[in-house]
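Small disclaimer: the values here were computed from a predicted structure and weren't measured. Numbered from 1 within each chain, the chains take letters A, B, ... in sequence-line order.
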Number of protein chains: 2
Amino acid sequence: MTSREPQAPRLARLAALIADETRAACLLALLDGRAWTAGELARHAGVAPSTLSEHLGKLVAGGLLAEERQGRHRYVRLADTRTAQLVEDLVAQVSPGARPTPRSLREAGAHSAMARARTCYDHLAGRLGIALTDALTGRGLLRQDTGFALTDAGLGWFAAAGIPLERTGRRPLARACLDWTERRPHLAGVAGAALCRHALETGWCVRIGSERAVKVTAAGERAFLDLLGVEAGSLR
Amino acid sequence: MTSREPQAPRLARLAALIADETRAACLLALLDGRAWTAGELARHAGVAPSTLSEHLGKLVAGGLLAEERQGRHRYVRLADTRTAQLVEDLVAQVSPGARPTPRSLREAGAHSAMARARTCYDHLAGRLGIALTDALTGRGLLRQDTGFALTDAGLGWFAAAGIPLERTGRRPLARACLDWTERRPHLAGVAGAALCRHALETGWCVRIGSERAVKVTAAGERAFLDLLGVEAGSLR
DNA sequence: GGAATTCTTCGGCGCGGACCGAAACGTCCG
DNA sequence: CGGACGTTTCGGTCCGCGCCGAAGAATTCC
């Protein structure tokens, strides 16, 4: 059998897009679900703007990024949830079993804030994401023993909490996303995104700094306790 | 923010392992779930044995492949189900919306056999995988509307059919795997693997040739009809 | 209109890595 | 014990690509 698999070149070309450290840094930064300008990404990655411009060209051409031009700015974001999920899966694969020792105090602070609570593209992750997922499961709202799906009671909980779940396209309502700090699954999919969006809109959580880390507010602490019995005090 | 994401180098290095066309061809071939020798892979990929030896060294060192030495042979296989799932996800991302036109009759035949029924590492895919998944869903044994999980009736069906489901480690019982020919989810996870294994052991399906394609036998046609009402005649 | 900002294009440099063939090493078999 | 086979190591070649700086295009601000 000398016939080369027909999709080998495509697979290699896709992986090559991620196989560069600068482009990988961009994809990781964009996991916050927001749109960044080319200049921001260049500073973030520590390369010349001209270099980063070429990288963006490749990522957009490869379908990993979507771009939107506004005046002299070029905003890019991850193309879709599937792409974000793919990057998360890759990160989970390389997530170290042993936690790496941070080099500086600032890194240590940033790392622990990320481990506490952060967004994973469009849903909540970190210890907060795990705690909410565990609470949903413990109350019979989410079923993990036979797969990963909301129960009928779970559908009712979202409705009662005033969090609308839009059945759009083929995206699953609930889906497991492997957390790279906790190494445990947490809620993603339509329900995960809706919960995160609601938490940010109602002020249960606010973003810290310019990246993915978030923190729980006083209002959020009350809400998570009332609605799910989650003690989120340590995640403030 | 000039701090580079700490896991960017790791992500890039992982992707670089897949970013070579020869290594990609190896990973795709190994998606059949079996162990190949270095020589077989070299012939399959169309490169010199010495070249392929170096590739295998990198893939093993990178944790994507597991190796087993037997005499003068070096057998390699995908390291674990998570790695297989990752490769499948990457393939799904690049799966062409428009079917590519095969270049030769033999390729066309191989492609259509793969589209009919094949294994996806350790579970069934292609039109057969979709048909079984649809049947399970239609009979209330698998729930896809709120995620992707077996129902209690589904657990009973597996027990009644004599297909044991081993709850091992963290691997989910049911999980969706996106099919790259049908562009629809089909059953993976512990249940998908158990069903595939049972189908091959009882002779419901047999492998065609040396790769992933399988075909349904007469016994399999009866079984699928009796157990799930699936008309698998066109998949023989 | 002119200046500042943001991004892109281009030429050129240098490193990394994929490839091969030749030779060495180990294993199996007659 | 010698020959066939599968695999590995090594030296050498070559191409791809990531990087920069300088110059150019587009847009906004004053």
Novice: Hey, does the side chain of B:T202 reach the backbone of B:H198 with a donor-acceptor pair shorter than 3.5 angstrom?
Specialist: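 Pair found, side chain donor or acceptor close to backbone of B:H198.
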Novice: Closest to the B:D20 side chain: D:dT7, C:dC7, C:dC19?
Specialist: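 The nucleotide sitting nearest to the side chain is C:dC19.
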Novice: To the nearest Å, give me how far apart NE2 (B:H55) and C1' (C:dC20) are.
Specialist: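 From B:H55 NE2 to C:dC20 C1': 12 Å.
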Novice: Looking at D:dT7, C:dC20, C:dG17, which one has an atom nearest to any side-chain atom of B:V47?
Specialist: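 Looking only at heavy atoms from C-beta outward on B:V47, the closest nucleotide is C:dC20.
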Novice: Please answer whether the main-chain N or O of A:R74 pairs with a side-chain N or O of A:T37 as donor and acceptor at a distance below 3.5 Å.
Specialist: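 Pair absent, no side-chain N/O of A:T37 close to backbone of A:R74.
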Novice: By nearest heavy atom, map B:E67 and A:P49 onto DNA chain D; which one lands nearer the 5' end?
Specialist: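 Looking at the nearest nucleotide for each, B:E67 comes out on the 5' side.
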Novice: Please check the phosphate of C:dC19 (OP1 and OP2 only) for any side-chain N or O of B:T22 closer than 4.0 Å.
Specialist: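 Yes, within the criterion.
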Novice: In whole angstrom, what separates A:Y75's OH from C:dT6's P?
Specialist: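 Nearest whole value for this atom pair: 11 Å.
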Novice: Please state how far atom CG in A:L56 lies from atom P in C:dC7, giving the value in whole angstrom units.
Specialist: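 Result: 9 Å.
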Novice: Are the aromatic rings of B:F224 and B:W204 close, with centres under 6.0 Å apart?
Specialist: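 Yes - the distance between ring centres of B:F224 and B:W204 falls below the 6.0 Å cut-off.
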Novice: Measure CG/A:L17 against P/D:dG18 and give the value in whole Å, please.
Specialist: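 That distance rounds to 9 Å.
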Novice: What is the separation between atom CZ on B:R43 and atom P on D:dC5, rounded to the nearest whole Å?
Specialist: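 It works out to 12 Å between those atoms.
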Novice: Should the pair B:R34-B:D122 be classified as a salt bridge under the 4.0 Å nitrogen-to-oxygen rule?
Specialist: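 No, this pair does not count.
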Novice: Separation of A:R23 atom CZ from D:dC17 atom P, in whole Å?
Specialist: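 So the CZ-P distance, A:R23 to D:dC17, works out to 9 Å.
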Novice: Is there a side-chain contact between A:H73 and the phosphate of D:dA26, meaning an N or O under 4.0 Å from OP1 or OP2?
Specialist: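 Checking D:dA26 against A:H73, no side-chain N or O comes under 4.0 Å of OP1 or OP2.
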Novice: Would you check if B:R116 and B:V216 make a side-chain contact, meaning some heavy-atom pair closer than 4.5 Å?
Specialist: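 Not in contact.
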Novice: So, using side-chain hydrogen bond (donor to acceptor under 3.5 Å, both in side chains) as the criterion, who are the partners of A:R175 when residues are at least two apart?
Specialist: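 By the side-chain hydrogen bond (donor to acceptor under 3.5 Å, both in side chains) rule, A:R175 matches no residue at all.
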Novice: If we ignore angles and hydrogens, is there a donor and acceptor under 3.5 Å between the side chains of B:R207 and B:T119?
Specialist: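 Result is yes, a qualifying pair exists.
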Novice: Show the distances under 3.5 angstrom between N or O atoms of the protein and N or O atoms of nucleotides 21-25 of chain D.
Specialist:
from	atom 1	to	atom 2	distance (Å)
D:dG21	O6	A:S50	OG	3.1

Novice: Any side-chain N or O of B:K58 below 4.0 angstrom from OP1/OP2 of C:dG17?
Specialist: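 Looking at the OP1 and OP2 atoms of C:dG17, neither is under 4.0 Å from any side-chain N or O of B:K58.
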Novice: Is any side-chain N or O of A:R74 closer than 4.0 Å to OP1 or OP2 of C:dT6?
Specialist: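 No, outside the criterion.
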Novice: Between the protein and nucleotides 25-28 of chain C, which nitrogen or oxygen pairs are less than 3.5 angstrom apart?
Specialist:
from	atom 1	to	atom 2	distance (Å)
C:dT27	O2	B:R72	NH1	3.2

Novice: Output the rounded distance in Å from CZ (B:R13) to C1' (C:dG17).
Specialist: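 Result: 16 Å.
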Novice: Could you check whether any side-chain N or O of A:R23 sits under 3.5 Å from a backbone N or O of A:H55, counting only pairs where one atom can act as donor and the other as acceptor?
Specialist: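 The answer is no, because no donor-acceptor pair under 3.5 Å joins these two groups.
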Novice: Does B:E201, at its CD atom, have more than 12 non-hydrogen atoms belonging to other residues, nucleotides or ligands within less than 6.0 Å?
Specialist: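 It does: B:E201 CD has more than 12 such atoms within range.
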Novice: Any luck finding a side-chain donor-acceptor pair between A:D89 and A:Q85 under 3.5 Å?
Specialist: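 Yes, a side-chain donor-acceptor pair sits under 3.5 Å.
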Novice: How many whole angstroms separate atom CD of A:E40 from atom P of C:dT5?
Specialist: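 Taking CD of A:E40 and P of C:dT5, I get 16 Å after rounding.
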